[in-house]
Amino acid sequence: MQDLQLSVIGAGQMGAGFVVHFRSADLPVTLIDHRQSNLDDARSRIRETVRFLNERGMMEVSPEAVLDGVTFTLDAREGVAESEIVLETIAEDLEMKREVFETVAAAAPSNSILATNTSGIPITEIAAGFPFADRVVGCHWLFPPYLLPTVEVIQGESTSEETVDRLAAFVEAVGRKPIIVHRDVPGFVWNRVQFAVLRECAHIVEEGVASVEDVNTAIRDGYARRTAVIGPFETVDIAGLELFKTVGDDLIPELSNAETVSDLFDDYLAEGRGGVEEGAGFFSYNESPEDVKRQRDDRLIEVTRALEEDR
């Protein structure tokens, strides 16, 4: 694994997170971006994240040692020239992604895997018409990638089985669990489930059934706590399929079937409540955005440790 050549394109939060995780697996990484300021910010973010993970006992490598194994470059062609795996994580823009793949495919080795971390754009659309489409594959990680264990490996219509198998093997080799998505549908698996849950949560609030605070608590401290240890199909098995079918036949017709995002989003945005970066979204925040994210990561670490001990 130490000899594997790996390039990450995009030096935002996810790109920096990838570097932290891959370096924890002792892999050298080339991080590519089109702006020097983005690379500089990524260097600082990597250093701070590694320091945080060391303080929490999740890593035992110094920030300097991590950064020593990273090549930062503005030259995409040079950055992928010897890469066996290229992982793109730029903005969710189809044409931008296609431009990136066209550039790197001409410079990377002819057998390299060209992976995209898109969270919803169909892989087939990204690869459409490219002679190298068999090597284009989805590789969707959840954030933060250095803490969450599952990775969606998505097969586009032209993606070869060999590419899927090679990428899945790589994901396992760096300590993650590949989830194979055989049909290239928008949103894949995780985001389809996430937005289905979010749609119903918003619908419950809009209907005056319960408040934002109480719905959030119900999911965080109830549904999500159970699904942290047992998945939905296992839950059905334990309760019994007949029970869930009976309840579902009565309940499903009452659930939201909205085809657009809830008006709640527009209402909050109109009030200038865009999320933690603005100090308020569905909730108000007195802490800095970084403090809020660190609190989230602290909780994820606690859950991770508890689950690992249980197993």
Side-chain angles (χ1 to χ4, degrees), residues 1-35 38-54 58-59 61 63 65-74 76 79-80 82-92 96-97 100-101 104 108 112-121 123 126 136-154 166-179 188 190-191 293 296-297 300-301 304:
M1 278 291 293
Q2 291 184 8
D3 295 331
L4 186 144
Q5 299 297 309
L6 171 67
S7 296
V8 174
I9 302 178
Q13 288 195 54
M14 184 61 87
F18 281 147
V19 170
V20 171
H21 182 68
F22 295 141
R23 289 295 297 129
S24 73
D26 204 25
L27 283 176
V29 184
T30 298
L31 183 61
I32 302 164
D33 202 278
H34 67 297
R35 286 197 182 98
N38 290 349
L39 292 176
D40 294 340
D41 289 344
R43 188 187 300 272
S44 298
R45 189 174 290 120
I46 291 165
R47 182 178 287 108
E48 289 303 313
T49 300
V50 173
R51 185 177 294 120
F52 166 79
L53 293 174
N54 272 285
M58 299 297 287
M59 284 186 75
V61 183
V66 167
L67 289 168
D68 282 346
V70 184
T71 300
F72 297 85
T73 182
L74 297 170
V80 303
E82 298 181 1
S83 294
E84 297 169 54
I85 297 177
V86 178
L87 178 54
E88 166 272 315
T89 181
I90 65 169
E92 284 290 274
M96 286 176 61
K97 290 182 184 295
V100 164
F101 278 110
V104 302
S112 60
I113 293 174
L114 306 175
T116 173
N117 185 54
T118 177
S119 59
I121 300 175
I123 311 307
I126 295 173
V136 178
V137 60
C139 188
H140 180 222
W141 296 59
L142 307 185
F143 191 85
Y146 44 83
L147 291 178
L148 292 171
T150 58
V151 178
E152 293 178 313
V153 175
I154 306 108
R166 286 175 60 199
L167 183 59
F170 166 75
V171 168
E172 286 186 334
V174 296
R176 291 294 178 254
K177 171 65 177 176
I179 305 301
F188 317 128
W190 195 80
N191 267 322
K293 293 169 187 175
R296 173 205 60 196
D297 288 357
L300 283 173
I301 288 170
T304 298

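Only heavy atoms go into these numbers, but all of them, side chains included; no hydrogens, no water, no symmetry mates.
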With distance as the sole test, does [X] use its side chain to make a donor-acceptor pair with the main-chain N or O of [Y] at under 3.5 Å?
X      : Y      : result
Ser83  : Val86  : no
Asn191 : Ser119 : yes
Asn54  : Val61  : yes
Arg45  : Gly17  : no
Arg23  : Val66  : yes
Ser7   : Gly79  : yes
Ser112 : Ala108 : no
Glu152 : Cys139 : no

When rounded to the nearest 0.5 angstrom, what is the spacing between [atom1] in [X] and [atom2] in [Y]?
X      : Y      : atom1 : atom2 : value
His140 : Ile154 : NE2   : CD1   : 7.5 Å
Ile90  : Asp33  : CD1   : CG    : 9.5 Å
Lys97  : Leu114 : NZ    : CG    : 13.0 Å
Met96  : Ile121 : CE    : CD1   : 10.0 Å
Ile85  : Leu87  : CD1   : CG    : 8.5 Å

Using a 3.5 Å cut-off and no angle test, enumerate the donor-acceptor pairs between side-chain atoms of residues 166-174 and protein atoms at least two apart in sequence or in another chain.
residue: Arg166; atom: NH1; partner: Asn111; partner atom: O; Å: 2.8
residue: Arg166; atom: NH2; partner: Asn111; partner atom: O; Å: 3.3

If we only count heavy atoms from C-beta on, is the [X] to [Y] side-chain gap below 4.5 Å?
X      : Y      : result
Thr150 : Arg176 : no
Val151 : Ile179 : no
Ile32  : Val8   : no
Met58  : Leu147 : yes
Leu31  : Thr73  : no
Leu300 : Asp297 : yes
Arg296 : Phe143 : yes
Phe72  : Ile46  : yes

Working for side chain to side chain contact (heavy atoms under 4.5 Å, CB included), residues Leu67 and Arg43: CA-CA 8 Å; Leu67 289 168; Arg43 188 187 300 272; 3.9 Å; yes

Residues two or more places apart in sequence or in another chain: which of them pass salt bridge (Lys or Arg N to Asp or Glu O under 4.0 Å) with Glu82?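 Checked Glu82 against salt bridge (Lys or Arg N to Asp or Glu O under 4.0 Å); zero matches.
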
Residues in salt bridge (Lys or Arg N to Asp or Glu O under 4.0 Å) contact with Glu48, at least two apart in sequence or another chain: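 Counting only residues at least two positions away or on another chain, Glu48 forms a salt bridge (Lys or Arg N to Asp or Glu O under 4.0 Å) with Arg51.
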
Do Thr116 and Glu88 pair up side chain to side chain, a donor and an acceptor below 3.5 Å, judged on atom types alone?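 Short answer, yes.
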
Nearest heavy-atom neighbours spanning Pro63 and Arg47: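 Nearest heavy atoms, Pro63 then Arg47: CB-CG, 3.7 Å.
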
Contact summary for Pro145 and Phe18, nearest pair of heavy atoms: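 Between these two residues, the closest heavy atoms are CG-N, 3.8 Å.
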
Just do the side chain to side chain contact (heavy atoms under 4.5 Å, CB included) check on Thr71 and Val29 with the steps written out, would you? CA-CA 6 Å; Thr71 300; Val29 184; over 6 Å; no

Do Phe22 and Trp141 make the cut of ring centroids closer than 6.0 angstrom?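 Yes, the ring centres sit under 6.0 Å apart.
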
